[in-house]
Amino acid sequence: MRREGLSGNRRIRIGLVTSNKNKVDEILSIISGSPLEIYWLNIEKLEIQSSSLEEISLYAARHAFEIARKPLVVDDSGLFVEALNGFPGPYSSYVYKTLGIKGILKLLENEGNRRACFRTSAALILPPLEKVFTGETCGTITYSPRGSGGFGFDPIFVPDGENRTYAEMSVEEKNIISHRGKAFKALTDYVEGLLL
Ligand code: ITT
């Protein structure tokens, strides 16, 4: 059965609500070649305090929709370090700005367990639909930063199956294996399905 309002469309325009230009670049590269058109929607992203990225992204997306009244998506992501019981997780943005990469390495100074996972939750509002897509990539935290690409904690994260950090990869290489790549690939597949 065709879904009213979407079938027949060949492209869907969706606003991306973020203050992070690097996310925009990554997401544009992930969705390139798909029927999805994403543009930077310049409105404030409201961040509630929660232990759940899904809840944070959905709340922010609903809030942004109240203002913009247009189809949009919000990406909330975080780095969950096993030896730190998942910290900084949903607090990654604040922790990056305050402790930074050095602070995380310091917290792990005498720690042998370097396991960590990056997670992304992408909340899509495409009226009347609301849906959250997630992506996770696990790996290890290095002992010192490496690479100049990417952003945030990229220089200290080596995804499983690789020996380079995210910051030592091109955007395209990172997107193939990254938490954000997985979440937005799922989102793209979903939207493509709606257009069939
Ligand atoms: P918006 O909330 O405005 O989208 P932000 O940078 O604050 O931008 P998040 O809250 O989703 O985004 O991300 C929290 C932090 O986690 C972010 O500031 C980075 O330091 C880090 N982070 C998120 N995704 C990352 C990635 O792919 N690689 C490295 N660090 C990342």
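Every number for a ligand or one of its atoms is a count from 1 in the order of the listing.
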>> Exactly one of Ser52, Ser77, Ser50, Ser121 should register a side-chain hydrogen bond (donor to acceptor under 3.5 Å, both in side chains) with Ser57. Which one does?
In response: Ser121
>> Using a 4.0 Å cutoff against the non-hydrogen atoms of Ser93, which atoms of ligand 1 qualify?
In response: 7 (O), 10 (O), 14 (C), 15 (C), 18 (O)
> Does the distance from a Lys or Arg side-chain N to an Asp or Glu carboxylate O, for Lys174 and Asp154, drop under 4.0 Å?
Replying inline: yes
> Numbering the atoms of ligand 1 from 1, which are under 4.0 Å from a heavy atom of Thr18?
Replying inline: 1 (P), 3 (O), 4 (O), 8 (O)
> Got more than 12 heavy atoms from elsewhere within 6.0 Å of OH, Tyr59?
Replying inline: no
>> Tell me whether Lys23 is salt-bridged to Glu26, with the criterion being a basic N under 4.0 Å from an acidic carboxylate O.
In response: no
>> Considering non-hydrogen atoms of the protein only, which is the closest contact for atom 19 (C) of ligand 1, and what is the distance?
In response: Gly152 CA, 4.0 Å
>> Ring-plane angle category for Tyr166 and Phe118, please: parallel below 30°, perpendicular beyond 60°, tilted otherwise.
In response: parallel
> Within 45 degrees of the axis of the six-membered ring of Phe133 and under 6.0 Å from its centre: does Lys131 put its NZ or CZ there?
Replying inline: yes
> Under 4.0 Å between a Lys/Arg side-chain N and an Asp/Glu carboxylate O for Arg114 and Glu82?
Replying inline: no
>> Considering non-hydrogen atoms of the protein only, which is the closest contact for atom 13 (O) of ligand 1, and what is the distance?
In response: Ser77 O, 3.4 Å
> Atoms of ligand 1 less than 4.0 Å from Asp76 heavy atoms?
Replying inline: 10 (O), 11 (O)
> Got a salt bridge between Asp160 and Arg115, using NZ or NE/NH1/NH2 to carboxylate O under 4.0 Å?
Replying inline: yes
> How far is atom 6 (O) of ligand 1 from its nearest protein heavy atom, and which residue and atom name does that atom have?
Replying inline: Asn20 ND2, 2.9 Å
>> Quick test: of every protein heavy atom, which one is nearest to atom 16 (O) of ligand 1, and how far off is it to 0.1 Å?
In response: Ser92 CB, 3.3 Å
>> I need the atoms of ligand 1 closer than 4.0 Å to a non-hydrogen atom of Lys174, numbered in the order shown.
In response: 26 (C), 27 (O), 28 (N)
>> Distance under 4.0 Å to a non-hydrogen atom of Asp154: what atoms of ligand 1 satisfy this?
In response: 26 (C), 28 (N), 29 (C)
> Looking only at protein heavy atoms, which one is nearest to atom 3 (O) of ligand 1, and how far off is it?
Replying inline: Ser19 OG, 2.6 Å
> At a 4.0 Å threshold, what atoms of ligand 1 neighbour a non-hydrogen atom of His179?
Replying inline: 24 (N), 25 (C), 26 (C), 27 (O)
>> Around atom OH of Tyr39, are there more than 12 heavy atoms from other residues, nucleotides or ligands closer than 6.0 Å?
In response: yes
> Glu26 to ligand 1: N or O pair under 3.5 Å?
Replying inline: no
>> Could you tell me, atom by atom, which parts of ligand 1 come under 4.0 Å of a heavy atom of Tyr96?
In response: 20 (O)
> Hey, do the aromatic rings of Tyr96 and Phe153 have their centres closer than 6.0 Å?
Replying inline: yes
> Out of Tyr94, Phe153, Phe151, Phe157, whose heavy atom sits nearest atom 25 (C) of ligand 1?
Replying inline: Phe151
> With hydrophobic residues grouped by side-chain heavy-atom distances under 4.5 Å, do Leu124 and Ile43 end up in a single group?
Replying inline: no
> Among protein heavy atoms, which lies nearest atom 24 (N) of ligand 1, and at what distance?
Replying inline: Arg180 NH2, 3.0 Å
>> Which option wins on minimum heavy-atom distance to atom 11 (O) of ligand 1: Arg119, Lys21, Lys23, Lys45?
In response: Lys23
> At a 4.0 Å threshold, what atoms of ligand 1 neighbour a non-hydrogen atom of Glu47?
Replying inline: 2 (O), 10 (O)
